[in-house]
Asker: 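One structure, as structure tokens, below. Some questions next.
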Amino acid sequence: MPELPDVEVFRRYFDATALHQVVTGVEVREPRMLKEAAPDQLSEAVTGRQFARSARRGKNMFVELSETATNLLLHFGMTGQLKYFRNPEEEPGHTRVLFSFENGYHLAYDNMRMLGKVMILADRDAYIRQESLGPDALDLDSETFVELMTGKRGMIKSAFMDQTLIAGLGNIYSDEVLFQSRIHPKRSVPDLDQGELETLFHQMKEVLHTAIERQVNVADFPAEYLIKHRDAGETCPRCGGRIEKIKVSSRSTYYCTQCQK
DNA sequence: AGTACCACCTGACGGC
DNA sequence: TGCCGTCAGGTGGTAC
């Protein structure tokens with residue numbers, strides 16, 4: 001699930017629930033989720049502290065811990081989510097790390113496929129540099145966007161998926177931005193003119209803001225969004241053309257054969 | 001530099 | 001009912 005809008009919704013949910021709470025314990029149910037770090041290290045870094053502030057860069061969520069420069073990093077992979085709850089029966093089925101608070105509530109980091117990661121970062125900026133993460137898609141201005149795309153080769157969809165160029169868009173939202181911009185996912189970046197780049201920039205912001213505003217609840221998305229018609233043989237909600245499925249950089253890609261050129 | 005493919009993981013679904 | 005292949009909204013390594 002988690003692309004930029006999903007992670008932003010998780011972050012706001014976190015702010016409304018777990019923020020400022022005192023952590024009384026950390027239970028690492030699945031040590032593989034921590035990558036190189038040891039469960040003790042996570043527990044030691046978090047227990048007794050408060051979640052002081054949250055931040056997000058692309059699909060990465062950071063939580064600053066009180067009285068230290070340390071950050072908790074949450075990456076959600078394809079199936080990650082957060083859940084705040086009190087009663088054990090409300091705990092989600094694939095809880096990998098469980099944080100408990102003084103008030104008796106818990107925060108579950110749930111992740112069925114475990115493709116994400118949970119880490120303790122001594123230096124958040126060093127992590128961003130190490131991962132070569134590009135600027136967050138929602139922080140970009142039009143000039144910077146055009147600059148980044150200028151000099152980039154290859155297909156436009158691959159460029160959107162490249163987290164070192166722009167952080168936040170994944171498979172679904174790249175398709176949506178291209179659909180709303182009426183641009184074919186395999187168009188090569190150097191072939192795009194100034195007007196097309198500006199359209200892509202505008203639609204990128206529009207799509208991301210719309211998704212966040214609707215809490216990533218697809219049923220509440222505008223009727224003319226591709227996300228509601230992601231199926232080969234479906235009808236384009238805009239022009240009545242046929243939606244086709246192809247592969248772009250080995251990811252399933254849906255587009256309208258009639259209005260995306 | 002860009003792209004294709006494999007690997008990491010689990011689970012759902014369709015076909016036989 | 002059960003087994004098998006395929007697919008899934010992410011990302012890193014490797015080889016061409």
Asker: DNA chain C: A:Ile172 or A:Glu131, which has the more 5' nearest nucleotide?
Answerer: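 Going by which nucleotide is closer to the 5' end, it is A:Ile172.
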Asker: Can you check the A:Gln81 CD to C:dG9 P distance for me, whole Å?
Answerer: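 Rounded to whole Å, this separation is 17 Å.
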Asker: Determine whether any donor atom in the side chain of A:Asp6 lies under 3.5 Å from an acceptor atom in the base of C:dG9, or the reverse, and answer yes or no.
Answerer: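 Answer yes: a donor N or O sits under 3.5 Å from an acceptor.
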Asker: Please convert DNA chain B into dot-bracket. A pair counts if it is Watson-Crick or G-U wobble with both distances under 3.5 Å; crossing pairs go in [ ] and bases paired with another strand get |.
Answerer: .|||||||.|||||||
Asker: Would you measure the distance from the C1' atom in C:dC3 across to the matching atom in B:dC8 and give it in whole Å?
Answerer: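 After rounding to an integer number of Å, I get 24 Å for this pair.
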Asker: Are A:Lys186 and B:dG2 close enough that a side-chain N or O sits under 4.0 Å from OP1 or OP2?
Answerer: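 Indeed not, no polar side-chain atom of A:Lys186 lies that close.
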Asker: Would you say A:Arg113 reaches C:dT11's phosphate, i.e. side-chain N/O to OP1/OP2 under 4.0 Å?
Answerer: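 Result: no.
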Asker: Is the shortest side-chain N/O distance from A:Lys59 to OP1 or OP2 of C:dG10 below 4.0 Å?
Answerer: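 Indeed, a polar side-chain atom of A:Lys59 lies that close.
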Asker: Sequence neighbours left out, what passes side chain to side chain donor-acceptor pair (under 3.5 Å) with A:Lys205? Give chain and number order.
Answerer: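 Result, side chain to side chain donor-acceptor pair (under 3.5 Å) vs A:Lys205: none returned.
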Asker: Within the structure, does a side-chain N or O atom of A:Thr79 lie under 4.0 Å from either OP1 or OP2 of B:dT10?
Answerer: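 Looking at the OP1 and OP2 atoms of B:dT10, neither is under 4.0 Å from any side-chain N or O of A:Thr79.
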Asker: In whole angstroms, how far is the C1' atom of B:dT10 from the CE atom of A:Met78?
Answerer: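 Roughly 11 Å, once rounded to whole Å.
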Asker: What is the ring orientation for A:Tyr127 with A:Phe62, classed by angle as parallel under 30°, tilted 30 to 60°, or perpendicular over 60°?
Answerer: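 If you compare the ring of A:Tyr127 with that of A:Phe62, the planes turn out perpendicular.
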Asker: Closest heavy-atom contact between A:Leu19 and A:Ser54?
Answerer: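 Between these two residues, the closest heavy atoms are CD1-N, 4.2 Å.
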Asker: On a whole-Å scale, what distance lies between the P atoms belonging to C:dG5 and B:dC6?
Answerer: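 Taking atom P in both C:dG5 and B:dC6, they lie 15 Å apart.
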Asker: I'd like to know whether the aromatic ring centres of A:Phe14 and A:Tyr84 sit less than 6.0 Å apart in this structure.
Answerer: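 They do not qualify: ring centres at least 6.0 Å apart.
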Asker: Send over the distance from A:Ile227 CD1 to C:dA8 C1', rounded to a whole Å.
Answerer: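 To the nearest whole Å, that distance equals 14 Å.
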Asker: Take A:Asp15 and A:Arg11 through the test salt bridge (Lys or Arg N to Asp or Glu O under 4.0 Å) and record every step on the way to the result.
Answerer: CA-CA 6 Å; A:Asp15 280 2; A:Arg11 195 187 68 75; 3.2 Å; yes
Asker: Does C:dA8 have its OP1 or OP2 closer than 4.0 Å to a side-chain nitrogen or oxygen of A:Ser252?
Answerer: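 Answer yes for this pair, as a side-chain N or O of A:Ser252 is under 4.0 Å from OP1 or OP2.
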Asker: Between atom CD in A:Glu3 and atom P in C:dA8, what is the gap in whole Å?
Answerer: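 So the two atoms are 13 Å apart, to the nearest Å.
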Asker: Quick one: A:Asp231 CG to C:dA8 C1', roughly how many Å, whole number?
Answerer: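 Whole-Å distance recorded here is 13 Å.
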Asker: Look at A:Lys245 and C:dC7 and indicate whether a side-chain polar atom (N or O) is within less than 4.0 Å of OP1 or OP2.
Answerer: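 Answer is no, no contact under 4.0 Å.
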Asker: Atom CZ of residue position A:Arg242 - does it have more than 12 heavy atoms of other residues, nucleotides or ligands inside 6.0 Å?
Answerer: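 Count over threshold, so yes.
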Asker: Starting from C1' on B:dG2, measure out to CE on A:Met155 and report it in whole angstrom.
Answerer: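 About 8 Å, once rounded to whole Å.
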Asker: Measure CG/A:Leu34 against P/B:dC9 and give the value in whole Å, please.
Answerer: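 Whole-Å distance recorded here is 14 Å.
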Asker: Just N and O in the side chain of A:His94: are any of them under 4.0 Å from OP1 or OP2 of B:dG11?
Answerer: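 For B:dG11, OP1 or OP2 has a side-chain N or O of A:His94 closer than 4.0 Å.
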Asker: Would A:Arg96 and A:Tyr109 count as a cation-pi pair here, with the cationic atom under 6.0 angstrom from the ring centre and within 45° of the axis?
Answerer: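 No, a cation-pi geometry is absent between A:Arg96 and A:Tyr109.
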Asker: Is the gap between the ring centers of A:Phe10 and A:Phe76 under 6.0 Å?
Answerer: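 Centroid separation for A:Phe10 and A:Phe76: below 6.0 Å.
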